[in-house]
Colleague: 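The structure that follows is given in the form of structure tokens.
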Amino acid sequence: MEIIISNSSGVPIYEQIIEQIKSKIVANELTPGQLLPSIRNLAKDLRCSVITTKNAYDELERQGYVKTIPAKGVYVNEINRDLAREEQLKKIEKILDSAVVLAKINNLSRKEIDDILDILYEEDK
Amino acid sequence: MIGFIRKDLAMIKSNFKLLAILTIVYLGMSLAGQMDISFILPFMCVMIMISTFSYDEFNNWNAYVVTFPNGRKNSVKAKYIATLLMIVIVTIITTILSFIISYVRTSTIDYINILEMTFGLIFGTLLVQTFMYPIIYKFGIEKGRIAIFIIVFGIVISGGLLSQFIDLSGVLNALSFLENYWVITIIILSVLLTYGSYRISLAIEMKKNF
Amino acid sequence: MMKNILEVNGLTKKYDNFELKNVSFNLPRGMIMGFIGENGAGKTTTIKSILDIIKDYSGKVKIFNLDYRSHEAEIKEEIGVVLDDMFFPEILTAQDIDNVMRGIYKNWDSNLFNNYLKDFDLPRNKQIKTLSKGMHKKLEIATALAHHPKLLILDEPTSGLDPVARSEVIDIFQDFIQNDDCSILFSTHITTDLEQIADYITFINDGEIVLSKTKDELLDEYGIVKCHEEEFNKISKKDYVKYKKNKCEYEVLVENKREFKKKYKFEVIDKMTLDDLMVLMIKGEK
């Protein structure tokens with residue numbers, strides 16, 4: 001499982017872990033029933049503290065993304081994909097919203113915004 | 001505890017060459033009929049053991065061993081046992097060499113004389129050890145040297161003064177009956193002194209703050 | 001099952017010019033605790049007391065929920081230590097250490113020790129005194145780990161190591177706590193090492209424990225407010241921990257940056273690093 005942690009982004013590490021695992025689950029990169037690394041293993045891989053990974057897994061469990069089976073490990077849960085997608089969409093909307101506000105302040109046309117989006121999508125490929 | 005003994009032996013390993021050279025010198029001088037230096041090997045041994053204290057001190061080994069199971073106790077015990085071991089081995093070597101030298105030079109073996117010497121050596125070296133170790137444990141090797149000097153000086157002076165005022169011949173007469181039992185006397189005295197010295201060193205080390 | 005591997009309670013020790021004052025903290029099982037503070041703040045004295053190297057302190061130390069007086073050997077079988085300036089006599093070799101330790105710890109594992117020597121590129125037959133400072137430290141660490149201890153007590157284990165070696169050592173510590181029975185107490189002044197892997201931070205200053213809590217809480221809650229004098233004067237004394245006056249701004253350490261933000265609506269509240277914490281706590285004023 002690939003997770004990339006930035007120590008300088010200002011976002012707490014445990015939130016970065018939560019976000020990245022969530023999006024992997026939503027994107028079906030992590031499939032229901034799949035065993036996740038143990039908190040200690042993940043802490044070692046990410047060079048962070050055990051408490052951080054434990055907090056992240058606890059929060060994921062609270063939100064229903066994973067399930068802990070005592071003495072066995074942490075497994076990906078069967079999630080309501082629509083609901084999860086909905087949640088992600090909301091987030092995207094929120095980010096785009098601030099982009100649009102900024103664009104309007106600077107008198108950018110809709111076309112220009114589209115172009116930027118096109119470029120960003122291309123770059124990602 | 002065996003680990004601590006191994007450590008002391010490993011430390012004096014590098015001195016084996018010196019001991020081998022001394023053995024040859026000893027053999028050579030004795031065969032050539034020069035003065036008797038049979039004491040040299042056992043005494044060198046004690047000196048080498050004492051030098052191990054400096055290395056211990058230099059790397060704070062004595063503080064480090066506190067973190068081992070029963071470290072304080074076993075390290076002191078091991079120091080005494082390693083020293084005894086060295087003294088016994090070297091004395092046996094000296095004794096055997098003395099037999100050979102005696103045979104080569106006179107074609108006979110002077111058992112009584114040589115055995116007397118053996119006991120004398122063990123007793124003498126033990127005395128040095130029993131006397132010095134507690135002082136080193138108490139004061140460390142640097143200050144210990146000064147302490148030893150002061151104490152020896154004190155004993156000599158006070159002994160000298162005492163003999164001026166008190167007639168010791170009575171005491172000596174009373175002790176003279178021991179002459180017939182000297183072997184057993186020396187053995188008992190050696191055991192008592194070593195054990196007493198060990199207990200004192202141990203008591204010092206058990207209470208020490210590093 | 002015991003919760004705390006190590007409990008230090010009311011540790012007090014007086015010297016002529018220094019004093020440990022009522023030092024208390026707990027290290028939970030399976031965790032790494034970073035023990036930070038200036039040189040001379042009392043880290044080494046605390047660690048020496050925990051290990052019984054210093055005996056005449058008052059207060060109580062419990063390891064594995066056991067008392068030294070009755071269970072000394074038992075406790076020490078399961079502790080591994082790296083101490084500043086305390087080790088094997090330098091004329092010995094790694095091979096000698098292996099032989100010696102086999103006769104000291106019941107659980108000494110020569111194979112494990114040799115694996116560490118290989119991993120660290122340490123020579124078996126060279127005298128310790130010929131090793132570089134970094135190699136020396138690594139040998140100390142290998143020696144501390146090879147009897148399968150449950151608790152590692154490390155006084156400045158990364159000092160003198162270059163960044164690559166430090167990274168290797170941090171990996172080994174994280175390997176060590178893969179077993180959730182194992183814990184580490186780790187004193188250092190290099191806080192970047194700890195900012196990554198420590199679960200708990202205990203901060204000692206001038207012989208007193210200033211704080212002891214999880215690192216995530218600490219870095220999440222504490223913050224540094226940067227402001228001008230007039231703004232600073234509006235802050236009530238009870239709302240900050242310490243402040244430091246710089247050339248063109250005030251740096252103010254606050255214990256709960258969210259509350260503070262609500263109350264004062266200041267623009268610049270920075271994330272705090274452990275270095276910031278140490279500097280402000282030691283140099284700052286109230």
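To find a chain, count down the sequence lines: A is the first, B the second, and so on, and within it residues start at 1.
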Colleague: Does atom OH of B/Y55 have more than 12 heavy-atom neighbours from other groups under 6.0 Å away?
Modeller: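 Not more than 12 within 6.0 Å, no.
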
Colleague: Determine the minimum heavy-atom distance between B/P69 and C/A73, stating which atoms define it.
Modeller: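 Looking at all heavy atoms of both residues, the closest pair is CB-O, 3.8 Å.
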
Colleague: Looking at C/D52, C/D56, C/L51, which makes the most heavy-atom pairs under 4.5 Å with chain B?
Modeller: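 Among the listed options, the one with the most contacts to chain B is C/D56.
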
Colleague: Should we count CZ of B/F149 as having more than 12 external heavy atoms under 6.0 Å?
Modeller: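 At most 12 heavy atoms, drawn from other residues, nucleotides or ligands, come within 6.0 Å of this atom.
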
Colleague: Is C/I54 close to chain B through its backbone or its side chain, or both, or neither, when contacts mean heavy atoms under 4.5 Å?
Modeller: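 Interface part for C/I54: both.
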
Colleague: What part of C/I53 lies closer than 4.5 angstrom to a heavy atom of chain B: side chain, backbone, both or neither?
Modeller: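 For C/I53, heavy atoms of backbone and side chain both lie under 4.5 Å from chain B.
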
Colleague: Do B/K7 and C/P89 come close enough that some side-chain heavy atom pair is under 4.5 Å?
Modeller: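 Touching, per the 4.5 Å side-chain cut-off.
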
Colleague: Would you mind telling me which of B/N74, B/I5, B/N59, B/L9 has the largest number of heavy-atom pairs within less than 4.5 Å of chain C?
Modeller: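 Heavy-atom pair counts peak at B/N59.
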
Colleague: Locate the shortest heavy-atom distance separating B/A10 from C/L92; write the atom from each residue and the value.
Modeller: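 Residues B/A10 and C/L92, closest heavy atoms: CB-CD2, 3.7 Å.
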
Colleague: CD1 of C/I104 to OG1 of B/T67: how many Å apart, nearest 0.5 Å?
Modeller: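 That separation rounds to 9.0 Å.
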
Colleague: What residue in C/I91, C/D96, C/I79, C/I75 has the most heavy-atom pairs under 4.5 Å with chain B?
Modeller: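 Heavy-atom pairs under 4.5 Å are most numerous for C/I91.
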
Colleague: Take atom NZ in C/K129; do more than 12 heavy atoms of anything else shown fall under 6.0 Å from it?
Modeller: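 Buried by this count: over 12 neighbours within 6.0 Å.
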
Colleague: Which bit of C/E72 is near chain B, if near means a heavy-atom gap under 4.5 Å: side chain, backbone, both or neither?
Modeller: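 Just the side chain, heavy atoms under 4.5 Å.
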
Colleague: Examine whether an atom of C/K48 lies under 4.5 Å from a heavy atom of chain B, and if so say whether it belongs to the side chain, the backbone or both; otherwise answer neither.
Modeller: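 When you check distances to chain B, only side chain atoms of C/K48 fall under 4.5 Å.
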
Colleague: Report the relative orientation of the aromatic rings in B/F68 and C/F88; use parallel for angles under 30°, tilted for 30 to 60°, perpendicular for over 60°.
Modeller: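 Geometry flag for C/F88 against B/F68: tilted rings.
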
Colleague: Can you tell which of C/H147, C/E78, C/M86 has the highest number of heavy-atom pairs within less than 4.5 Å of chain B?
Modeller: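 So the answer, after comparing C/H147, C/E78, C/M86, is C/M86.
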
Colleague: Using a cut-off of 6.0 Å, state whether more than 12 heavy atoms not belonging to C/K150 lie near its atom NZ.
Modeller: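 For C/K150, atom NZ is not crowded (no more than 12 foreign heavy atoms under 6.0 Å).
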
Colleague: Is it the side chain or the backbone of C/T44 that comes within 4.5 Å of chain B heavy atoms, both, or neither?
Modeller: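 Neither part.
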
Colleague: Give a yes or no on whether B/F99 atom CZ has more than 12 heavy-atom contacts from other residues, nucleotides or ligands under 6.0 Å away.
Modeller: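 Atom CZ in B/F99 is crowded, with more than 12 foreign heavy atoms closer than 6.0 Å.
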
Colleague: Anything in residues 197-210 of chain B with a heavy-atom distance to chain C below 4.5 Å? Please list those residues in order.
Modeller: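 If one takes a 4.5 Å heavy-atom cut-off, the residues of residues 197-210 of chain B near chain C are B/M206, B/K207, B/K208, B/N209, B/F210.
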
Colleague: Does any N or O in the side chain of C/K76 come within less than 3.5 Å of the main-chain N or O of B/V66, such that one atom is a donor and the other an acceptor?
Modeller: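 Checking the backbone N and O of B/V66 against the side chain of C/K76, a donor-acceptor pair under 3.5 Å is found.
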
Colleague: Using a 3.5 Å distance criterion without hydrogens, assess whether the side chain of B/R6 forms a donor-acceptor pair with backbone atoms of C/V100.
Modeller: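 No; zero donor-acceptor contacts below 3.5 Å.
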
Colleague: Crowded around C/K21 NZ? As in, over 12 foreign heavy atoms under 6.0 Å?
Modeller: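 Result for NZ/C/K21: enclosed.
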
Colleague: Tell me whether B/Y103 at atom OH has more than 12 heavy atoms from other residues, nucleotides or ligands lying less than 6.0 Å away.
Modeller: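 No - once you tally the heavy atoms of other residues, nucleotides and ligands closer than 6.0 Å, there are 12 at most.
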
